[in-house]
Each structure stands twice: as structure tokens, then as C-alpha cells.
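Computed from a predicted structure; not experimentally measured.
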Amino acid sequence: MPEQVRFNVDAHQLRVVVGVMQSYLSEPPRGELHHFLHSIIAQQCVTLERKLLLRRLEYRLSMPTHFAIAFRRMVSVGMEVLPEGTNKTAMRMLMAEVDPIVSSFLG
């Protein structure tokens, strides 16, 4: 069983990340890496959308390392594509929490 990665995310941050994931999934994948990431993000997006239905202020996420790495990538994409404002600030705050935890599994 893969190692589990745990971190907290608030409802606004989770909504923004799910929006970035849905935007990513709206484009057809090109190439092997994109197909691989596309399938991981699609599974993760369904799971996170279900969590959003619980309508909590904060969520304690626990996911396998490959999901956590994909989640971190989507937060990074959100920081790149979102215009300045509350959503981009939310992504910066989330990256500050997720990056130290997930980066230990990279490289």
C-alpha cells in the first residue's frame, strides 16, 4: 500500500483547486504523460467533488503519494494561470502548506 500524505485545506482552496482540475480535464490529453496525469486528476477530482458536498469549512485530506504529487501540481498550475486576487492568494497559502509535505517525496 502506498504511503499516505495528509494535510489540511479549507473549503475555498479546495473549490479553487477542483476548478483548476476541471479546467485541466476539459482539454483532451496529448501524449503518454498527459494521459497518465489526466487519469489521476480525473479520479482525484471525483473524490474531491464528493468531499465538497459535505460543506465543511476545512477538510483533512489523506491521499496516496502519487495523488498528493498530482494535487501539488494542480495547485502550482492554479498559481500560474489565475489572475491576482483572492483565488491566487488562496493557492499561495495552500502551496505553503502542501509543498513541504509533498516535496519530501520528490527527487
Completion exercise
Looking only at heavy atoms, the pair that brings Glu27 and His38 closest together is O-NE2, 3.5 Å
Handout entry: Check: Thr65/Glu3 side-chain N/O donor and acceptor closer than 3.5 Å
Key = no
Practice task
Report yes or no: does Ser23 contribute a side-chain atom to a donor-acceptor pair with the main-chain N or O of Gly19 at less than 3.5 Å?
Solution key: no
Exercise for the section: Check the pair Met63, Phe7 against side-chain contact (heavy atoms from CB on, under 4.5 Å), reporting the backbone distance first and the verdict last. Expected result: CA-CA 9 Å; Met63 55 185 72; Phe7 51 87; 4.0 Å; yes
Exercise for the section: For the residue pair Phe71 and Val98, establish whether any side-chain heavy-atom pair is separated by less than 4.5 Å. Expected result: yes
Practice task
Tell me, yes or no, whether the heavy-atom count around Met93 atom CE, taken from other residues, nucleotides or ligands under 6.0 Å, exceeds 12.
Solution key: no
Exercise for the section: For Ser76 and Arg72, indicate whether the former's side chain and the latter's backbone hold a donor-acceptor pair under 3.5 Å. Expected result: no
Fill in the blank from the handout: Shortest non-hydrogen pair, Pro100 vs Ser103, comes out as O-OG, 3.5 Å
Practice task
Check the surroundings of atom CZ in Phe36: do more than 12 heavy atoms from other residues, nucleotides or ligands lie under 6.0 Å from it?
Solution key: no
Practice task
Mark yes or no for whether Gln13, through its side chain, and Asp10, through its backbone, hold a donor-acceptor pair below 3.5 Å.
Solution key: yes
Practice task
Using the side-chain contact (heavy atoms from CB on, under 4.5 Å) rule, take Asn8 and Leu61 through it: C-alpha gap first, then chi angles, then the decisive distance, then the call.
Solution key: CA-CA 6 Å; Asn8 293 325; Leu61 299 182; over 6 Å; no
Practice task
Evaluate the side-chain proximity of Met21 to Val17: yes if any heavy-atom separation is below 4.5 Å, no if none is.
Solution key: yes
Practice task
Grab the two heavy atoms, one from Arg6 and one from Gln4, that are nearest each other, plus how far apart they are.
Solution key: NH1-CB, 3.7 Å
Fill in the blank from the handout: d(Arg60 CZ, Glu58 CD) to nearest 0.5 Å is 9.0 Å
Practice task
Drop me the distance from Ile41's CD1 to Tyr24's OH, to the nearest 0.5 angstrom.
Solution key: 7.0 Å
Practice task
Please round to the nearest 0.5 Å and tell me the distance separating atom CG of Asp99 and atom CG of Leu94.
Solution key: 10.5 Å
Counting only pairs under 3.5 Å, give me each side-chain donor-acceptor contact of residues 44-56, with atom names and distances, residues two or more places apart or in other chains.
from  : atom 1 : to    : atom 2 : distance (Å)
Gln44 : NE2    : Phe67 : O      : 2.9
Thr47 : OG1    : Gln43 : O      : 3.2
Glu49 : OE2    : Gln22 : NE2    : 2.3

Fill in the blank from the handout: Here the pair of heavy atoms bringing Met91 nearest to Gly78 is CG-C, 4.2 Å
Practice task
Answer with yes or no whether the hydrophobic clustering places Leu106 together with Met95; edges join I, L, V, M, F, W, Y residues whose side-chain heavy atoms lie under 4.5 Å apart.
Solution key: yes
Completion exercise
Output for pair (Leu25 CG, Met74 CE), nearest 0.5 Å, gives 8.0 Å
Practice task
Begin from the C-alpha positions of Lys88 and Glu80 and carry the test salt bridge (Lys or Arg N to Asp or Glu O under 4.0 Å) through to its verdict.
Solution key: CA-CA 8 Å; Lys88 190 165 193 164; Glu80 292 175 16; over 6 Å; no
Fill in the blank from the handout: Rounding to 0.5 Å, atoms CG (Leu37) and CD (Glu32) come to a distance of 12.5 Å
Handout entry: Spatial distance of atom NE2 (His12) from atom CG (Leu57) [nearest 0.5 Å]
Key = 13.0 Å
